[in-house]
Trainee: 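Below: one structure in structure tokens.
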There are 2 protein chains.
Amino acid sequence: MPPSPRTRPPLHRVTVLDAAVELADAEGIEAVSMRRLAERLGVVPMALYKHVSDKEDLLDGMIDRVIAQFQPGDPSADPSADPSAWPDAVRRVLLSTREVVQRHPWARRVIETRTHRTPAVLAYMEAVTQLFLGGGLSPDLTHHVMHVLGNRIWGFSPELFNDPGGRPASDRPRTSGQPVPSDFPGILAIAADASARRPGATGCDEEFEFRFALDLLLDGIARLHASEWASPPL
Amino acid sequence: MPPSPRTRPPLHRVTVLDAAVELADAEGIEAVSMRRLAERLGVVPMALYKHVSDKEDLLDGMIDRVIAQFQPGDPSADPSADPSAWPDAVRRVLLSTREVVQRHPWARRVIETRTHRTPAVLAYMEAVTQLFLGGGLSPDLTHHVMHVLGNRIWGFSPELFNDPGGRPASDRPRTSGQPVPSDFPGILAIAADASARRPGATGCDEEFEFRFALDLLLDGIARLHASEWASPPL
DNA sequence: CTGACGGGTGTACATCGTACGCTTTCGCGC
DNA sequence: GCGCGAAAGCGTACGATGTACACCCGTCAG
């Protein structure tokens, strides 16, 4: 039902979110306040609350809009054709993701402060997970590999699976839809495998994940060192 | 009475910072406002500005206090004794760092929002760098390895070396001291090597760093997969 | 005694997120 | 056409936050 014409077409969630993304791109994330955003949309601040439940929801939605630009699967390449092709597939996806994130520099910081796993985030994780599973990696290995892709020097991993990211995690109803588990068979397979291995455990063994990632990196580094690796010439 | 007794000993920078860390540990980082912190110190909010230049400086200082708990070098182990011992040394340092960060869960998020490279941060990076250099790794390889320890699934790396993290990076004078380059010979060696390889370039080649990290991980993962790796039994 | 200075005070302002209630507009069954 | 209920937008108001600015007071060097 097309909105009948008035002075200004009515706002919608995506209109608001895209305007926020645009604002952040142009003036940085700290310029994205409800008032500034409303002003840019020619509307009073409180009008926005008809489309996002609060600012957290706005930020969640902005990230969803960015993630929507990812290209998690290249449908032209059948993943099961060549079982050894998964590294290239993963490389392609991550490099394309990187390109998108670089176009929205603020997204990096915002992603790290998100405490909700929105459907878009889960869908992206599912897509990457499927690349590994489709390549024949076990759910077990895939599980830890997904963790590895987030570990870093500071001594923590960004808790992709468990949720206690921010303290209160206000239970105000999100405006975005709730994810349904069956949409994410890959993630589910991982979770099932993990809980079979550690019955009764809730969440992942972060300590193990950290050591796993660390050893993987140190092994790889030692191998490069032993083979006298050097930067390619210009 | 040399420090003549008054109702309360005067504040110092570290007093303020440690109180802030305590507050964050107890009630979460969002509880750390200038007012709440001042209240906890029995002082009026504006009094804090005699010890920190603004809130960014407060957060920088809090991180410095956390980093001060890291144990970057174990002096009992001579790093040059066994040239193949560097992986263990790195492992020890990172696991101890991880322990500290886990005691201050807010630190993870705050570190990621810092835009300044404070002396404490640089000192920590220097210490890790020295472990690799001391193990015989080339400055070239060490350089990229330091970047690797920060790359992740989302398509960005956390720009450890170059500084354009936040936009304006207010040039108000920080209350903390300015770092002097000669204190960081390891980082310096890396920078020198890098600029010799890419004359005229400013900053690191983030694109290269990302691909380097990605390939390192994918190689390691493929190797584990080929050897039919599985989680150790409980 | 005096004057500078470092630490602490008090007031004031702009900005932020958002609760609450009102008005306008739109689409639809009558 | 009419009325009505829901959706969309408006206006006011409140409490919190970071911090600029002017001031006050106790200490100490001269």
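Each chain gets a letter, A, B and so on, in the order the sequences are listed, and its residues count up from 1.
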Trainee: Is B/R35 paired with B/E39 through a side-chain N to carboxylate O contact shorter than 4.0 Å?
Mentor: no
Trainee: Round to a whole Å and report the spacing from CG of A/D57 to P of C/dG17.
Mentor: 14 Å
Trainee: Rounded to the Å, how far apart are A/E39 CD and D/dG9 P?
Mentor: 17 Å
Trainee: Between A/L41 (CG) and D/dG9 (P), how many Å, whole number?
Mentor: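 Checked: the CG to P distance equals 10 Å.
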Trainee: Could you go through the salt bridge (Lys or Arg N to Asp or Glu O under 4.0 Å) check for A/R98 and B/E207 one step at a time?
Mentor: CA-CA 9 Å; A/R98 170 176 158 77; B/E207 178 76 15; 3.4 Å; yes
Trainee: Indicate whether the side chain of A/T118 and that of A/D60 have a donor and an acceptor atom separated by less than 3.5 Å.
Mentor: no
Trainee: Among residues at least two apart in sequence or on other chains, which ones pass ring pair (Phe, Tyr, Trp, His ring centres under 6.0 Å) with B/H144?
Mentor: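 With sequence neighbours excluded, B/H144 shows a ring pair (Phe, Tyr, Trp, His ring centres under 6.0 Å) to A/W229, B/F208, B/F212, given in chain and number order.
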Trainee: Take atom CD1 of B/I29 and atom C1' of D/dT17, then tell me their distance rounded to the nearest Å.
Mentor: 14 Å
Trainee: What integer distance in Å separates A/L58:CG from C/dC16:C1'?
Mentor: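 From A/L58 CG to C/dC16 C1': 14 Å.
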Trainee: Separation of A/E56 atom CD from C/dG17 atom C1', in whole Å?
Mentor: 11 Å
Trainee: Calculate the interatomic distance between A/M34 atom CE and C/dA19 atom P; express it in whole Å.
Mentor: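 One finds 10 Å between P of C/dA19 and CE of A/M34, rounded.
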Trainee: For D/dA7, does either OP1 or OP2 sit under 4.0 Å from a side-chain N or O belonging to A/H51?
Mentor: no
Trainee: Are A/R13 and A/D57 ion-paired here, with the side-chain N under 4.0 Å from a carboxylate O?
Mentor: yes
Trainee: Considering only nitrogen or oxygen atoms on both sides, find all protein atoms under 3.5 Å from nucleotides 10-16 of chain D and state each distance.
Mentor:
residue	atom	partner	partner atom	Å
D/dC10	OP2	A/V44	N	2.9

Trainee: Restricting to salt bridge (Lys or Arg N to Asp or Glu O under 4.0 Å), what partner residues turn up for A/R198, sequence neighbours left out?
Mentor: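 In terms of salt bridge (Lys or Arg N to Asp or Glu O under 4.0 Å), with neighbours along the sequence ignored, A/R198 is linked to no residue.
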Trainee: Expressed in angstrom and rounded to an integer, what is the separation of B/H12 atom NE2 from C/dG7 atom C1'?
Mentor: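 That distance rounds to 10 Å.
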